[in-house]
Amino acid sequence: MSSLKDKVIAITGAAGGIGAATACMLASRGAKLSLADTDASALQHLSRDITTKYKTKVLTTTVDVTNSDQVDQWIVATVKHFSKLSGGVNLAGIVGRDFGRKGAHEVSDHDFDLVMKINVKGVMACQRAQLLHIEDGGSIVNAASVSGKMGIPQALAYAASKHAVIGLTRVAAVENGHRRVRVNAIAPGSIDTKMLDTAREVHIGDNDHKSPINRAGKAEEVGALIAFLLSDEATFTTGAVYTIDGGLTP
Ligand SMILES: NC(=O)c1ccc[n+]([C@@H]2O[C@H](COP(=O)([O-])OP(=O)(O)OC[C@H]3O[C@@H](n4cnc5c(N)ncnc54)[C@H](O)[C@@H]3O)[C@@H](O)[C@H]2O)c1
């Protein structure tokens, strides 16, 4: 099990399914956490649970990732509080209202703009702020999706946004290798969270049982992959897109 002892990790979407499971996993391996989400009360609950269970230090901040000033202030405050930044995990994301409902010929400007603003500009702003402050040898993990590697019907905005996350991950990886800063993306398939409930409602999460593993993934399984990518066991891994989908995609 990879140790994260004394690493300071900033996580967005921390109150969500994968975010909360990741926060618990990183805390259990010794990391100090700076948790951000728009859902202030869920963040408070999570922080209380983690502090009680793992006795680690947790800072929580209400942040809308589409607001670059809020993102910059959050990362500056994180470094001020913990005296360093070792890693960033950028998970905040949405599927959008057109997901599972509208084809490429009818997708709305409003939905496209909103999904791109949260999923792409949000990750860009977080990654940018983290790159400015992260220590040499640090590690950033961005949330893409299997939808970032293939065409899924009626998921145009979401798929376009996740393809873009892979692009901004790869550029940051090539630019920051000289200081041993690694930037990777994860590409989950169906993972059992609130987001998957939404996808199932519109029949896009019905792939759970089509994978060789024959079930949806658990948020903790994604947390374990993220913990590995943040750790010193992954020091030669950068610019990679790690698929975690039970074998659904080739
Ligand atoms: N669950 C899946 O099946 C799955 C599959 C592939 C990729 N992903 C990706 O993994 C990431 C996490 O997904 P999840 O399943 O935990 O989703 P989730 O819906 O459970 O959590 C998403 C979190 O992001 C937060 N958020 C949304 N907009 C925000 C904003 N503007 N600023 C700050 N926080 C915001 C929400 O409050 C929520 O806590 C997402 O980027 C998602 O696209 C999930």
Side-chain angles (χ1 to χ4, degrees), residues 10-25 34-47 60-71 73-75 88-97 99-100 113-127 129 141-150 152 155 157-166 168-169 185-202 204-208 211 215-223 225-226 241-246 248-249:
I11 309 178
T12 72
I18 296 173
T22 300
C24 293
M25 176 125 341
S34 178
L35 307 179
D37 202 288
T38 43
D39 188 339
S41 81
L43 272 185
Q44 286 315 319
H45 281 109
L46 178 65
S47 168
T60 59
T61 313
T62 308
V63 176
D64 180 342
V65 295
T66 66
N67 184 324
S68 296
D69 289 340
Q70 285 184 19
V71 169
Q73 283 160 21
W74 166 55
I75 292 299
V89 183
N90 301 316
L91 297 172
I94 61 164
V95 292
R97 284 188 59 77
F99 186 84
D113 287 347
L114 183 64
V115 171
M116 295 302 273
K117 199 170 173 188
I118 295 177
N119 294 8
V120 183
K121 188 189 170 219
V123 172
M124 181 281 294
C126 294
Q127 174 178 273
V141 180
N142 294 324
S145 162
V146 289
S147 314
K149 305 194 309 167
M150 61 194 281
I152 293 180
Y158 186 71
S161 74
K162 295 304 185 179
H163 276 75
V165 167
I166 291 174
L168 59 85
T169 299
I186 53 163
S190 297
I191 308 297
D192 232 331
T193 69
K194 225 186 257 172
M195 185 176 277
L196 183 60
D197 294 341
T198 310
R200 283 191 185 119
E201 271 168 35
V202 290
I204 285 192
D206 294 345
N207 285 326
D208 316 2
S211 74
R215 62 169 170 82
K218 298 178 193 147
E220 292 74 17
E221 292 172 312
V222 182
L225 172 60
I226 293 172
V241 181
Y242 263 73
T243 301
I244 174 161
D245 67 355
L248 181 69
T249 55

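If you read the sequence from its start, that first residue is 1, and numbering goes on from there. Numbering of ligands and ligand atoms starts at 1, following listing order. Quick caveat: nothing in here was measured; it's all calculated off a predicted structure. These values consider heavy atoms only, across backbone and side chains, with no hydrogens, waters or symmetry-generated copies.
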Inset, instruction - Nearest 0.5 Å please: distance from the CG atom of Asp37 over to the CD atom of Gln44. - result: 11.5 Å
Inset, instruction - With heavy atoms under 4.0 Å as the rule, classify the contact between Thr193 and ligand 1 as side chain, backbone, both or neither. - result: side chain
Inset, instruction - Please write down residue, atom name and distance for the protein heavy atom closest to atom 43 (O) of ligand 1. - result: Tyr158 OH, 2.7 Å
Legend entry - Nearest heavy-atom neighbours spanning Ile152 and Ser147: CD1-OG, 3.4 Å
Inset, instruction - Indicate whether the side chain of Asp245 and that of Thr243 have a donor and an acceptor atom separated by less than 3.5 Å. - result: no
Legend entry - Pro188 neighbourhood, listing ligand 1 atoms whose heavy-atom distance to it stays under 4.0 Å: 5 (C), 6 (C), 7 (C)
Inset, instruction - Give the numbers and elements of all ligand 1 atoms closer than 4.0 Å to a heavy atom of Ser145. - result: 6 (C), 7 (C)
Legend entry - Closest approach of any protein heavy atom to atom 17 (O) of ligand 1, naming residue and atom: Met195 CB, 3.6 Å
Legend entry - Note, Thr12 side chain near Trp74 side chain (heavy atom, < 4.5 Å): yes
Inset, instruction - Provide, to 0.1 Å, the distance between atom 39 (O) of ligand 1 and the closest protein heavy atom, together with that atom's residue and name. - result: Asp37 OD2, 2.7 Å
Inset, instruction - Determine, using heavy atoms of Ser190 and all atoms of ligand 1, whether some pair is separated by less than 4.0 Å. - result: yes
Legend entry - Option set Ser161, Ala92, Gly122, criterion heavy-atom distance to atom 34 (N) of ligand 1, minimum: Ala92
Inset, instruction - Please write down residue, atom name and distance for the protein heavy atom closest to atom 28 (N) of ligand 1. - result: Ile118 CG2, 3.9 Å
Legend entry - Top protein contact for atom 3 (O) of ligand 1, by heavy-atom distance: Ile191 N, 2.8 Å
Inset, instruction - State the atoms of ligand 1, each with its element, that fall below the 4.0 Å cut-off from a heavy-atom position in Gly189. - result: 2 (C), 3 (O), 4 (C), 5 (C), 6 (C)
Legend entry - Any Val71 side-chain heavy atom under 4.5 Å of Val63 side chain: yes
Inset, instruction - Answer with yes or no whether Ala144 contacts ligand 1, where contact means a heavy atom under 4.0 Å from a ligand atom. - result: yes
Inset, instruction - Please answer whether the main-chain N or O of Leu43 pairs with a side-chain N or O of Ser47 as donor and acceptor at a distance below 3.5 Å. - result: no
Legend entry - Residue Ala15 vicinity, atoms of ligand 1 by number, heavy atom under 4.0 Å: 39 (O)
Legend entry - Distance from atom 32 (N) of ligand 1 to nearest protein heavy atom, with residue and atom: Val65 N, 3.0 Å
Legend entry - Atoms in ligand 1 with a heavy atom of Asp64 nearer than 4.0 Å: 30 (C), 31 (N), 32 (N)
Inset, instruction - State the atoms of ligand 1, each with its element, that fall below the 4.0 Å cut-off from a heavy-atom position in Val63. - result: 32 (N), 33 (C)
Legend entry - Val89: which of Ile11, Asn142, Leu35, Ile18 passes side chain to side chain contact (heavy atoms under 4.5 Å, CB included): Ile11
Legend entry - Sub-4.0 Å heavy-atom contact, Ala219 with ligand 1: no
Legend entry - atom 10 (O) of ligand 1: nearest protein contact (heavy atom, Å): Ile18 CD1, 3.7 Å
Inset, instruction - State if Lys117 counts as touching ligand 1 under the rule of any non-hydrogen atom under 4.0 Å. - result: no
Legend entry - Ala143 neighbourhood, listing ligand 1 atoms whose heavy-atom distance to it stays under 4.0 Å: 10 (O), 11 (C), 41 (O)
Inset, instruction - List the atom of Val241, the atom of Lys149, and the distance in Å for their closest heavy-atom pair. - result: CG1-CD, 4.2 Å
If you look only at distance, which donor and acceptor atoms sit under 3.5 Å apart when one is on a side chain in residues 185-194 and the other is two or more places apart or in another chain?
unit_1: Ser190; atom_1: OG; unit_2: Asp208; atom_2: OD1; d: 3.4
unit_1: Asp192; atom_1: OD1; unit_2: Arg200; atom_2: NH1; d: 3.4
unit_1: Thr193; atom_1: OG1; unit_2: Met195; atom_2: N; d: 3.1

Legend entry - Side chain to side chain, Leu91 and Ile226, heavy atoms closer than 4.5 Å: yes
Inset, instruction - Indicate yes or no: at least one non-hydrogen side-chain atom of Ile75 is less than 4.5 angstrom from one of Ser34. - result: no
Legend entry - Option with minimal heavy-atom separation from atom 27 (C) of ligand 1, where the choices are Gly16, Ala40, Gly93, Ser147: Gly93
Inset, instruction - Please report the shortest heavy-atom distance between Gly246 and Ser211, naming the atom on each side. - result: O-CB, 3.3 Å
Inset, instruction - Identify, for atom 20 (O) of ligand 1, the protein heavy atom at the shortest distance, and state residue, atom and that distance. - result: Gly17 N, 2.9 Å
Legend entry - Lys162 side chain to Ala143 backbone, donor-acceptor under 3.5 Å: yes
Inset, instruction - Test side chain to side chain contact (heavy atoms under 4.5 Å, CB included) on Ile94 and Asn119 and set out the steps. - result: CA-CA 7 Å; Ile94 61 164; Asn119 294 8; 4.0 Å; yes
Inset, instruction - Please identify which atoms of ligand 1 are closer than 4.0 Å to at least one heavy atom of Leu91. - result: 11 (C), 12 (C), 40 (C), 41 (O)
